[in-house]
Amino acid sequence: MQRAAAAVRAAVHIKPHVRGQAGGEDAAQGQAFASHDIRKEALERAPEHLANTFSAQFAPITDVKAKRTPKETYSLDEVVYKASNGDLLDVVHDMDALSQFDAAHWRKVFDARVGTTSWPYGSGVWSKKEWVLPGISDDDIVSMFEGNSNLFWAERFGRQTLGMSDLWVKQCGNSHTGSFKDLGMTALVSQVNRIRRLKPGSISAVGCASTGDTSAALSAYCAAAGIPSIVFLPADKISMAQLVQPIANGALVLSIDTDFDGCMKLIRQVTAETPIYLANSMNSLRLEGQKTAAIEILQQFDWQVPDWVIIPGGNLGNIYAFYKGFKMARDLGLVDKLPRLVVAQTANANPLYRAYQRSQTKDAHEARLSDLEDKYEPIKAKTTFASAIQIGDPVSIDRAIMALQESNGIVEEASEEELMDAAARADRTGMFNCPHTGVALAALIKLRQRQVISPSDRTVVVSTAHGLKFTNSKVDYHSRAIPDMACQFANPPFSVKDDLGAVMDALRGQIGI
């Protein structure tokens, strides 16, 4: 802890970036591009009618869950992560102000912004700015026009593997740093940018514990804003592709001899004692950005609600974010129901699945869900190919349980072999899945086999990261180099001599020419 703290203190004293101060070459380049500045255009744009009446604040998640007026609230400009009693906080919007506009208005506004270069609305997150961080200035926003990820119709995989005609994969990994974490990090780093402007010296750096994807997103967005970033990573537990991203973006990377839960404990201790801002998902600002993926799915279905949405679950903030996005659209009248949500966990890191299994009784499904809080116990996560969800004590467990209860949800698990086989099987139909998407696909296969999900149900699998970040696991699978795993869908290359006859023999043997 002392060595980690010493390294962090050095980072804290990095001179803060000040907007507008640049020297020499940077200043000259800035003047050259001054003639076309989309930030400047955004500032000069007349504010939308009543836009300044929208607001949001922090409130205890227990009050949100109980659907009661919050006993305490905090400004989003405060550096605060928990309520006075230790409960997690949630970002609560002024729904009365938002409801001054009808559903048709919001649909029209959101649809008109998709794919534009108008700052900041070209972003899939900031195209819903009024529903995310309505009080932030466009000039404080740090965005790489994230979001707007494709909704892939998994036609062949659905028909041939599952007998389904309406299966879709939300490709959240098709993003700047290769994962859905970009959606949340643009919101968090933008708010940090605002706080640093309003209260100089209050935040010296932003830090996180990470299994890979969070650190990549944090370091990229902080680099774009000129804000120092600090990353605590569990040693030897993430892919090289994930490790190199924060290094390349200039973050201070501490590789710590522990697991994610140990890194999380350390970063919470460090941020409690220093002016380093905590960027992990216990900070609910990130969930405001992540919830826009749910709204985006509704847009892509022309504001129709899918029957099921299956989400890989680790720290469990994303399941709540999707629930929150769907719920906000329903509460403001854009849709009339919620989809059923499925949390898919790897069997090596499955505390919520275990609680779900312990809650099963002969009573109605709702009764089992109501028992989840009492049945939940943290575990020590084991090594898994789905390294980003190798978490045994998820911070957002209470949020996730709430999302499941409100959406009549389900929890399923997948073994290491099941998740790798599912990813490889889907890859053969044109996808290129990360192991975490493999967990969700394996959960879907099981739910179809049990007829929980019907052939005609419109189902969305959330792909949380790009497969290119996990090539080592794919190489091992297709090389059949994974101990005690059959790798039944492996497709290793053939070694052939430099001879036409040998090449033709290989072709005849494989494709029957």
Side-chain angles (χ1 to χ4, degrees), residues 56-59 61 64 74 76-82 88-93 123-126 128-129 131-133 136 140-144 146-147 172 175-177 179-195 203 206-222 224-225 227 229-232 246 260 264 267-268 271 276-296 311-325 328 388-389 391 394-400 403 462 464-465:
Q57 59 188 350
F58 290 124
I61 189 67
V64 174
Y74 303 87
L76 300 186
D77 296 331
E78 294 185 57
V79 178
V80 57
Y81 312 112
K82 288 190 172 184
L88 292 176
L89 297 172
D90 195 21
V91 175
V92 177
H93 290 259
S123 158
V125 172
W126 298 108
K128 287 87 176 169
K129 178 185 175 184
W131 291 23
V132 179
L133 298 179
I136 196 168
D140 286 326
I141 290 174
V142 183
S143 173
M144 301 178 190
E146 52 289 309
C172 293
S175 189
H176 183 72
T177 70
S179 89
F180 78 97
K181 299 294 179 70
D182 293 350
L183 304 178
M185 210 57 73
T186 181
L188 183 140
V189 175
S190 295
Q191 183 62 25
V192 168
N193 215 27
R194 170 183 165 86
I195 295 172
I203 297 175
V206 187
C208 74
S210 178
T211 49
D213 292 332
T214 300
S215 63
L218 174 65
S219 58
Y221 282 84
C222 281
I227 301 172
S229 60
I230 302 164
V231 174
F232 288 12
F260 171 82
M264 189 68 215
I267 193 68
R268 289 170 70 173
T271 54
I276 298 173
Y277 194 79
L278 181 64
N280 284 95
S281 59
M282 68 178 292
N283 185 327
S284 56
L285 285 171
R286 275 178 48 193
L287 305 185
E288 291 305 291
Q290 290 168 212
K291 77 183 182 188
T292 61
I295 305 167
E296 201 168 276
I311 306 166
N315 222 11
L316 300 177
N318 211 26
I319 183 72
Y320 181 69
F322 271 79
Y323 158 73
K324 192 172 184 182
M328 203 164 181
I389 56 175
I391 299 170
V395 169
S396 293
I397 181 64
D398 292 336
R399 293 167 172 157
V462 176
T464 53

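In this text the structure is predicted, and so the values were computed from the model without any measurement. Reckoned from all heavy atoms, side chains included, excluding hydrogens, waters and symmetry mates. Counting begins at 1 with the first residue of the sequence.
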Between the CG atom in D398 and the CG atom in D90, the distance rounded to the nearest 0.5 Å is 12.0 Å
Side-chain donor/acceptor of N283 to backbone N/O of L285, under 3.5 Å: yes
**Report entry** L88 and S284, any side-chain heavy atoms less than 4.5 Å apart
**Finding:** no
task = State, with a plain yes or no, whether a side-chain heavy atom of E146 is found less than 4.5 Å away from one of M185.
result = no
Between T214 and R286, is there a side-chain heavy-atom distance shorter than 4.5 Å?
yes
Residues A224 and M144: closest non-hydrogen pair is CB-CE, 3.6 Å
* Is N315 reaching over with its side chain to a backbone N or O of V395, donor-acceptor style, under 3.5 angstrom? -> yes
To the nearest 0.5 Å, atom CG of L278 lies from atom CE of M264 at 5.0 Å
- Exam field: side chain K128 to backbone K291, donor-acceptor pair closer than 3.5 Å: no
Sorted by chain and residue number, the side chain to side chain contact (heavy atoms under 4.5 Å, CB included) partners of A294 (sequence neighbours excluded) come out as F322, F326
Interatomic distance, OG1@T271 vs CD1@I203, rounded to 0.5 Å, equals 11.5 Å
Answer whether the closest heavy-atom distance between the side chains of V189 and V206 falls below 4.5 Å.
no
Tightest non-hydrogen contact, residues V132 and A187, listed as CG1-CB, 4.4 Å
Between I389 and P312, the two heavy atoms sitting closest are CD1-CB, 4.4 Å
Note: C172 and S175 closest approach over all heavy atoms is O-CB, 3.6 Å
Heavy atoms, side chains only, cut-off 4.5 Å: are E78 and F58 in contact?
no
May I ask you to test the N193-Y221 pair for a side-chain heavy-atom distance under 4.5 Å? no
Result for side chain to side chain contact (heavy atoms under 4.5 Å, CB included) between K324 and one of L287, V64, V91 points to V91
For Y81, the ring-ring contact (aromatic ring centres under 6.0 Å, His included) test, sequence neighbours excluded, returns Y277
4.5 Å side-chain heavy-atom contact, W126 and S143:
yes
Check: Between the side chain of D213 and the main-chain N/O of S179, is any donor-acceptor distance below 3.5 Å?
Finding: no
Heavy atoms of E296 and G124 approach each other most closely as OE1-CA, 3.8 Å
* Short question: side chain of R399, backbone of L316 - any donor-acceptor pair under 3.5 Å? -> no
Subject >> Distance-only polar pair, side chains of Q191 and D140, donor-acceptor under 3.5 Å >> reply: no
Of all heavy-atom pairs linking L188 and A279, the shortest is CD1-CA, 3.7 Å
Here the gap from S210 atom OG to F232 atom CZ, rounded to the nearest 0.5 Å, amounts to 12.0 Å
Exercise. Keeping the roles fixed (side chain from S190, backbone from T186), state whether a donor-acceptor pair exists under 3.5 Å.
Key: yes
Separation between CD (Q57) and CG (L76), nearest 0.5 Å, reads 8.0 Å
- [ ] Report yes if the side chains of R268 and N280 come closer than 4.5 Å at any heavy-atom pair, otherwise no.
- [x] no
Rounded to the nearest 0.5 Å, the CG atom of N318 sits from the CZ atom of F180 at a distance of 4.0 Å
